[in-house]
Enquirer: 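Would you mind keeping the following structure in view while I ask a few things?
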Amino acid sequence: MNKEFEDYLLVRVQENDDSRTKDAMAYSLMNGGKRVRPMLLFSVLEGYGMDAHVGYPCACAIEMIHTYSLVHDDLPAMDNDDLRRGKPSCHKAYDEATAILAGDGLLTKAFEVVLDSECSAKQKVALVKALSWYAGIDGMIYGQTLDLQAENDTNPTFALLQEIDHYKTSKLLTLPLVCGCILANKFDDIDHFRKIGLVLGLEFQMQDDILDVVGSEEVVGKSLSDEDNHKVTAVSLLGLEGAKDMVKSYDETIRKSLDKVSCDVTSLTKVLDTLLKRTY
Ligand code: GRG
């Protein structure tokens, strides 16, 4: 990700009064994430002939929400992971209470930052609504809820796993695509991008599950906990080769759907190519 955007993230996460919570927020936000969601947003904007700078506040807000979800997901009450992005997870580097507050701080800060987008009031309202909708109780939080419930299910079906991924992963990967349309004032494209994002999330999660099996902790940068937690994943249900075939089929669906949007998809296609080849 470009250094200028990284600097923007750092400024936004450090601009408030000094506190241990603020330090923990900055620690987690600047902890080497791949910035997949900002890349998706910038590529959609480029496709509409718009400058990436227009998307900085919104991409920052989405990355803050994404980071909050990871901080909370790593907590002992959730996935109980000691490592995130190859470094001690927030509650290990600080403490549990501070990690909870850091997540809260990142989530609430996101709504302040997105309002700094240079666009009309109507677009700002749509952005705020999209952020709360995709991250919220009918979005990512619902996915996490299903995921926690599924822990007691010793025999989850593939359909249930897909439903979890649809909410937990797809919603937050769809968000930057939708926000790109909002910022470009191309509301008619939202539905097409929504469908693309939902499949992209399934593909991304399937890859994550594959990397959890074939990757090393050092490369993936987090605890490879699925097997340790006896978690049933798409890979354990479909087998490694079955899961890889599924990734290919998701990818074909996405590529075909790109024909339907009204913008140039050259840049977005490059981002998708990078994601497909990712090793961590
Ligand atoms: C706690 C409300 C709440 C939600 C947590 C995001 C999440 C839900 C759990 C994290 C675990 C997980 C496997 C999430 C699925 C989405 C996903 C693959 C996240 C990792 O995204 P990357 O690879 O992360 O973009 P980086 O570290 O690169 O930013």
Side-chain angles (χ1 to χ4, degrees), residues 1 5-6 9 27-41 59-60 62-81 83-91 96 99-100 102-104 106-108 110 131-151 161-176 197-198 200-213 215 217 219-226 229 231-235 247 250 271-272 274-280:
M1 179 51 59
F5 179 65
E6 290 297 318
L9 290 175
Y27 170 80
S28 295
L29 186 70
M30 307 311 296
N31 209 2
K34 295 185 290 298
R35 311 302 189 209
V36 170
R37 293 149 195 82
M39 283 195 287
L40 288 168
L41 175 52
C60 173
I62 295 172
E63 202 60 10
M64 284 176 164
I65 292 177
H66 165 60
T67 304
Y68 122 74
S69 78
L70 300 178
V71 168
H72 280 190
D73 185 65
D74 288 338
L75 287 167
M78 300 241 187
D79 240 19
N80 195 17
D81 267 321
L83 274 183
R84 172 64 60 183
R85 298 167 177 165
K87 305 191 182 90
S89 42
C90 190
H91 66 278
E96 220 176 303
I100 293 170
D104 296 341
L106 286 163
L107 176 60
T108 44
L131 256 58
S132 76
W133 179 258
Y134 284 88
I137 187 63
D138 285 339
M140 178 182 68
I141 292 181
Y142 181 63
Q144 183 74 348
T145 308
L146 287 179
D147 197 27
L148 290 175
Q149 277 168 10
E151 274 177 19
L161 295 182
Q162 273 200 315
E163 198 193 0
I164 294 171
D165 297 344
H166 171 95
Y167 288 98
K168 197 174 91 166
T169 309
S170 291
K171 292 289 179 179
L172 225 57
L173 283 167
T174 306
L175 182 58
L198 293 179
L200 177 61
L202 297 181
E203 178 187 332
F204 192 80
Q205 186 60 59
M206 184 80 77
Q207 267 186 310
D208 222 52
D209 293 342
I210 292 171
L211 292 172
D212 214 85
V213 175
E217 213 161 280
V219 177
V220 182
K222 60 176 185 168
S223 309
L224 297 176
S225 53
D226 287 354
N229 289 347
K231 203 166 178 172
V232 179
T233 69
V235 178
V247 167
Y250 286 144
V271 174
L272 294 174
T274 315
L275 290 186
L276 191 66
K277 287 193 211 116
R278 80 191 171 102
T279 52
Y280 68 101

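Numbering of ligands and ligand atoms starts at 1, following listing order. When a residue number appears, it is its place in the shown sequence, counting from 1.
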Enquirer: Has ligand 1 got any nitrogen or oxygen that is less than 3.5 angstrom from a nitrogen or oxygen of E63?
Expert: no

Enquirer: Can you name the one residue among D73, D79, D147 that meets salt bridge (Lys or Arg N to Asp or Glu O under 4.0 Å) with K168?
Expert: D147

Enquirer: Under 4.0 Å from ligand 1, counting heavy atoms only, is it the side chain of R35, its backbone, both or neither?
Expert: neither

Enquirer: Which atoms of ligand 1 have any heavy atom of S69 under 4.0 Å away?
Expert: 1 (C), 4 (C), 5 (C), 6 (C)

Enquirer: Enter the distance from R85:CZ to L70:CG here, rounded to the nearest 0.5 Å.
Expert: 5.5 Å

Enquirer: Could you tell me which atoms of ligand 1, counted from 1 in the order shown, lie closer than 4.0 angstrom to a heavy atom of L70?
Expert: 10 (C)

Enquirer: Record the part of R85 in heavy-atom contact with ligand 1 below 4.0 Å; permitted values are side chain, backbone, both and neither.
Expert: side chain

Enquirer: If the cut-off is 4.0 Å to any non-hydrogen atom of H72, which atoms of ligand 1 fall inside it?
Expert: 1 (C)

Enquirer: Considering only heavy atoms of Y68, which atoms of ligand 1 have at least one such atom less than 4.0 Å away?
Expert: 2 (C)

Enquirer: Mark up the atoms of ligand 1 that fall under 4.0 Å of a heavy atom belonging to T169, in ascending order.
Expert: 15 (C), 16 (C)

Enquirer: Looking at ligand 1, does any of its N/O atoms fall within less than 3.5 Å of an N/O of R37?
Expert: yes

Enquirer: Please report the shortest heavy-atom distance between A234 and D209, naming the atom on each side.
Expert: N-OD2, 3.8 Å

